[in-house]
A.B. asks: 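My structure is below; once you've seen it, I'll send some questions.
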Amino acid sequence: MMQVVRGIAELRQVLAGSDSTGFVPTMGNLHEGHLSLVRAAAARGHPVVASIFVNRLQFAPTEDFDAYPRTFERDCELLRSAGCDLVFAPGERDLYPEPQGYKVHPPSELGDILEGEFRPGFFIGVCTVVLKLFNAVQPRVAVFGKKDYQQLMVIRAMVRQLALPVEIVAGETERATDGLALSSRNGYLSAAEREESVALASVLGELRDAVRAGGGDLPALEQAAAESLRARGWAPDYLTVRRCRDLLAPTAAERAAGEPLVALGAARLGSTRLIDNLEFRV
Ligand code: PAF
């Protein structure tokens, strides 16, 4: 029987004595990508706790906090079917009973690039809520999807630098049959946009292939990738190839030596902002 808990005190009571909890933090509006994270948590920890909390702190005032789909009943059904034992679904006042003055600021070389450049403050909001959720749930293992590649890296670095007693596990990105990475924000797409949306993954694949083929300098290839999306009506924020280990640009020598790389992209299609990434080596 899956339990639903709202408050931190009640959560602590229910989880008292559990020292191997597996945790999947979410903002709800769940899809197969989230459920695969729940299954990964179930394979490593018990009980499995999933949180559902749309975290105001990580949304800029211009972003979609109010519009973000809240589908609690359906989410609970899906979580139950995926083997979740407990849903932690705090209200805003349960998690932020007073203004959250203490915040976690990731180092700017990781937190202010890519997503952090285009969504200032985003990772401060993410780190702050994730640390708070970790303190509430006290998991042994927490699973984050590779779809939010930079988020996974930022969380890993936070856990390492703050010596948090939790193992971070990465879950692979789930894709629709045409290749679109599953995301809660895909629901914003019109039918025509949904058809077009796979172009982000395709262009990242082309960028990867061009880098593998060794043609041209990296900035020129990245610019060509952005141009090809722009020509299809997208507004790209970035399309770039970085080192997996720190998200900095690889040198030509590192590329040639087989440094693990990741092609990352973020672009707006109509009013929907999509992100995706592909790991590879030359
Ligand atoms: O990836 C998400 O859904 C959110 O950023 C997270 C990790 C649940 C924090 O609010």
Side-chain angles (χ1 to χ4, degrees), residues 5 8 11 21-38 40-41 48-60 63-72 74-76 78-79 82 84 86-92 94-96 100 103-106 110-111 114-116 118-137 139 141-159 162 164 166-174 181-188 264 266 272-277:
V5 169
I8 292 179
L11 180 74
T21 303
F23 180 43
V24 181
T26 83
M27 297 205 300
N29 195 229
L30 304 181
H31 50 69
E32 188 50 39
H34 296 107
L35 302 185
S36 71
L37 305 183
V38 171
V48 176
V49 177
S51 62
I52 297 178
F53 181 68
V54 185
N55 175 38
R56 188 187 289 277
L57 268 194
Q58 71 192 70
F59 288 79
E63 291 183 338
D64 54 344
F65 175 78
D66 290 328
Y68 202 86
R70 273 95 169 156
T71 51
F72 186 71
R74 184 174 169 276
D75 291 344
C76 286
L78 291 172
L79 286 171
C84 177
L86 194 157
V87 178
F88 177 44
E92 196 133 336
D94 295 304
L95 219 53
Y96 299 130
Q100 186 67 32
K103 291 181 182 155
V104 181
H105 286 245
L110 183 58
L114 305 171
E115 285 303 283
F118 289 91
R119 304 184 66 188
F122 171 65
F123 288 119
I124 296 173
V126 168
C127 285
T128 303
V129 80
V130 168
L131 178 60
K132 203 156 188 176
L133 290 167
F134 282 177
N135 284 336
V137 177
V141 179
V143 190
F144 289 81
K146 283 193 189 176
K147 157 80 172 32
D148 296 295
Y149 202 86
Q150 190 179 3
Q151 169 173 280
L152 169 65
M153 293 199 56
V154 166
I155 298 296
R156 275 195 198 287
M158 175 178 80
V159 163
L162 298 180
L164 304 180
V166 54
E167 179 196 345
I168 303 300
V169 170
E172 293 301 326
T173 301
E174 295 288 322
L182 298 190
S183 162
S184 301
R185 290 191 168 97
N186 292 351
Y188 295 150
L264 301 129
T272 306
R273 187 173 181 279
L274 299 177
I275 64 172
D276 199 355
N277 65 80

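We count ligands from 1, going down the list as the structure has it; atoms in each ligand are counted the same way. Here the structure is a predicted model, which means the values were calculated and not measured.
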A.B. asks: In ligand 1, which numbered atoms sit nearer than 4.0 Å to a non-hydrogen atom of Thr26?
C.D. replies: 8 (C)
A.B. asks: Show which atoms of ligand 1 fall inside a sub-4.0 Å distance from at least one heavy-atom site of Pro25.
C.D. replies: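 Counting from 1, the qualifying ligand atoms are 8 (C).
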A.B. asks: For atom 2 (C) of ligand 1, which protein heavy atom lies nearest, and how many Å away is it?
C.D. replies: Gln151 NE2, 3.9 Å
A.B. asks: Would one find an N or O of Gln58, backbone or side chain, under 3.5 Å from an N or O of ligand 1?
C.D. replies: yes
A.B. asks: Verify, without hydrogens or angle tests, whether Arg156 (side chain) and Ile168 (backbone) share a donor-acceptor contact under 3.5 angstrom.
C.D. replies: yes
A.B. asks: Under the criterion side chain to side chain contact (heavy atoms under 4.5 Å, CB included), I'd like the reasoning laid out for Asp64 against Arg185: C-alpha separation, chi angles, the key distance, then a yes or no.
C.D. replies: CA-CA 10 Å; Asp64 54 344; Arg185 290 191 168 97; 2.9 Å; yes
A.B. asks: Judged by atom type as modelled, is there a donor-acceptor pair below 3.5 Å linking the side chain of Asn29 to the main-chain atoms of Tyr68?
C.D. replies: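 Here the side-chain-to-backbone pair does not exist.
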A.B. asks: Check whether Thr173 reaches the backbone of Lys147 with its side chain - one donor and one acceptor, N or O, closer than 3.5 Å.
C.D. replies: yes
A.B. asks: May I ask you to decide if Gly125's main-chain N or O and Thr128's side chain share a donor-acceptor pair within less than 3.5 Å?
C.D. replies: no
A.B. asks: Relative to the heavy atoms of Val129, which atoms of ligand 1 are at a distance of less than 4.0 Å?
C.D. replies: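 Counting from 1, the qualifying ligand atoms are 9 (C), 10 (O).
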A.B. asks: Can you report which non-hydrogen protein atom sits closest to atom 3 (O) of ligand 1, along with the distance?
C.D. replies: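 Looking only at protein heavy atoms, the one closest to atom 3 (O) of ligand 1 is Met27 CG, 3.6 Å.
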